Protein chains: 2
Amino acid sequence: MTSHQKLTRNQALVLGSLEKAGQPLSAYTILDQLRDDGLRAPLQVYRALDKLLESGLVHRLESINAFVACSHPHSHSHGSAAFAICERCGRVDEFSDAVVQKRLASWSSEHGFKPSRTTVEIRGECAACLGN
Amino acid sequence: MTSHQKLTRNQALVLGSLEKAGQPLSAYTILDQLRDDGLRAPLQVYRALDKLLESGLVHRLESINAFVACSHPHSHSHGSAAFAICERCGRVDEFSDAVVQKRLASWSSEHGFKPSRTTVEIRGECAACLGN
DNA sequence: AATTGGACGTAATGTCATAACGTTAGCTTG
DNA sequence: CAAGCTAACGTTATGACATTACGTCCAATT
């Protein structure tokens, strides 16, 4: 993909691992998957993740301490993504709700709060796991 | 109506510690503060926190791995709280936005997702820290 | 050539959370 | 009461997640 062009080797490996998985992975799981590619220490993964998070290619799921490739890597709407996380199968749906964003921005501006990063995560069970 | 169970000694100590702090604390910080009261192991704190979370007296802040006493312990609106967390001073404002809750519930129902717990956290800088 | 800055490699450590074990205290029921 | 049950407790050990600290490499400037 062209979006990988300016990535370093480690960054490309980490992003590739997440994209291949199609679901959230912990930093240590990523590390395990990349041992054969020469990665040996957590910091190599965390450093790559930091850059990928900065550029919006990867999201962090705070409630499960995991990372996931962005579903819409070309829509530069960082910080505004919301996630539905299935606790049974691990599937994650990334979505974005303008109304939610607007309400949170309103609260912030009404209270003199300057937001830098927002987390919206719903944990539960996905349709597939509910047997339908 | 479950929520008015009497607290055990450890639960009361942990809740007291959080209330006294008036800001989020990590489990290990709580433990340090309660050593003189006889607590010695992380599990004693985590077990108490589990019960306090269940009963809605305490919230967990996923994005900073910390816990905070509920600001409105008598409004049985669990799972629906949102938080604005100041990354400079640590202050946390708990609020609740019906529109946000409604939009997230709508997304869930449209996608056959059964939500069990929702996290909404804004990190940034509070009015006081912005010098205003 | 010298300098600089970003990414890298490695080891050690720090921070957050739970597993697994047995024990204690309060309840309830014959 | 005694037997049995259950929820909470205490302790040790371990697992899981993340960063500090230090030095090296290399390519782009100056």
Side-chain angles (χ1 to χ4, degrees), chain A residues 4-18 21 23-55 57-68 85 87 90 92 117 119 121 123, chain B residues 2-18 21 23-55 57-68 85 87 90 92 117 119 121 123:
Chain A
H4 300 188
Q5 275 174 354
K6 65 185 267 193
L7 299 180
T8 67
R9 169 181 160 82
N10 285 1
Q11 289 161 20
L13 286 169
V14 168
L15 180 57
S17 180
L18 285 171
Q23 63 170 252
L25 300 178
S26 77
Y28 278 74
T29 301
I30 294 168
L31 176 58
D32 285 342
Q33 295 190 355
L34 296 176
R35 296 235 184 241
D36 293 345
D37 296 289
L39 270 69
R40 322 200 25 118
L43 200 49
Q44 296 175 290
V45 174
Y46 281 109
R47 283 202 277 232
L49 285 170
D50 283 346
K51 292 299 176 186
L52 295 167
L53 288 166
E54 263 179 33
S55 61
L57 296 172
V58 163
H59 297 290
R60 178 188 190 115
L61 301 176
E62 308 280 0
S63 65
I64 58 173
N65 293 320
F67 303 85
V68 68
I85 303 165
E87 291 181 311
V92 170
R117 194 170 168 198
T119 297
E121 299 176 14
R123 272 151 300 154
Chain B
T2 59
S3 73
H4 238 325
Q5 300 271 28
K6 187 185 171 187
L7 299 179
T8 66
R9 169 180 159 82
N10 286 0
Q11 289 160 21
L13 286 168
V14 168
L15 180 57
S17 179
L18 286 171
Q23 63 170 262
L25 300 178
S26 77
Y28 279 73
T29 301
I30 295 168
L31 176 57
D32 285 343
Q33 295 191 355
L34 295 176
R35 297 233 185 243
D36 293 344
D37 296 289
L39 270 68
R40 321 199 29 122
L43 206 48
Q44 296 175 288
V45 174
Y46 281 109
R47 285 202 275 232
L49 285 170
D50 283 345
K51 293 299 175 185
L52 294 168
L53 289 166
E54 264 177 33
S55 60
L57 296 172
V58 163
H59 298 289
R60 178 190 191 112
L61 301 176
E62 307 281 359
S63 65
I64 58 173
N65 293 321
F67 303 86
V68 67
I85 304 164
E87 292 180 311
V92 170
R117 194 171 166 196
T119 297
E121 297 176 15
R123 270 153 300 155

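So that the names make sense, note that chain A is the first sequence line, chain B the second, and so on, each numbered from 1. In this text, all values refer to a predicted model and were calculated from it rather than measured experimentally.
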(message) Reading DNA chain C from 5' onward, which residue's closest nucleotide shows up sooner: B/Asn65 or A/Lys51?
(response)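 In this pair, the answer is A/Lys51.
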(request) Return the set of residues passing side-chain contact (heavy atoms from CB on, under 4.5 Å) with A/Ala66 (not counting sequence neighbours), or none when no residue passes. (result)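 For A/Ala66 the side-chain contact (heavy atoms from CB on, under 4.5 Å) partners, ignoring immediate neighbours, are A/Pro24, A/Ile64.
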(request) Please check the phosphate of D/dA7 (OP1 and OP2 only) for any side-chain N or O of B/Thr8 closer than 4.0 Å. (result)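 B/Thr8 to D/dA7 OP1/OP2: no side-chain N or O under 4.0 Å.
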(request) Would you please confirm or rule out a distance under 4.0 Å between OP1 or OP2 of D/dC9 and any side-chain N or O of B/Gln44? (result)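 Answer no for this pair, as no side-chain N or O of B/Gln44 is under 4.0 Å from OP1 or OP2.
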(request) List in numerical order all residues of residues 23-40 of chain A for which some heavy atom is under 4.0 Å away from an atom belonging to DNA chain D. (result)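 Within this stretch, A/Ser26, A/Tyr28 sit under 4.0 Å of the strand.
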(request) Counting heavy atoms from C-beta on, name the nucleotide in D/dC9, C/dG9, D/dT19 closest to the side chain of B/Gln11. (result)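 Among D/dC9, C/dG9, D/dT19, the one nearest the side chain of B/Gln11 is D/dC9.
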(message) Applying salt bridge (Lys or Arg N to Asp or Glu O under 4.0 Å) as the test, list every pair that has at least one member in residues 35-48 of chain A; sequence neighbours left out.
(response)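 Listed by first then second residue: A/Asp32-A/Arg35.
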(request) Assign each of B/Asn10 and B/Pro42 to its nearest nucleotide of DNA chain D by heavy atoms, then name whichever residue's nucleotide is nearer the 5' end. (result)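 Closer to the 5' end of DNA chain D: B/Asn10.
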Are there any protein N/O atoms within less than 3.5 Å of an N/O atom in nucleotides 21-28 of chain D, and if so, which ones and at what distance?
none

(request) Rounded to the nearest angstrom, tell me the gap between atom CG in A/Leu49 and atom C1' in C/dC8. (result)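 One finds 15 Å between C1' of C/dC8 and CG of A/Leu49, rounded.
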(message) Please enumerate all residues that pass side-chain hydrogen bond (donor to acceptor under 3.5 Å, both in side chains) together with B/Gln23, with sequence neighbours excluded.
(response)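 Counting only residues at least two positions away or on another chain, B/Gln23 forms no side-chain hydrogen bond (donor to acceptor under 3.5 Å, both in side chains).
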(request) Check salt bridge (charged side-chain N to carboxylate O under 4.0 Å, His left out) between B/Arg123 and all other residues, then give those that pass, not counting sequence neighbours. (result)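 Checked B/Arg123 against salt bridge (charged side-chain N to carboxylate O under 4.0 Å, His left out); matches are A/Glu62.
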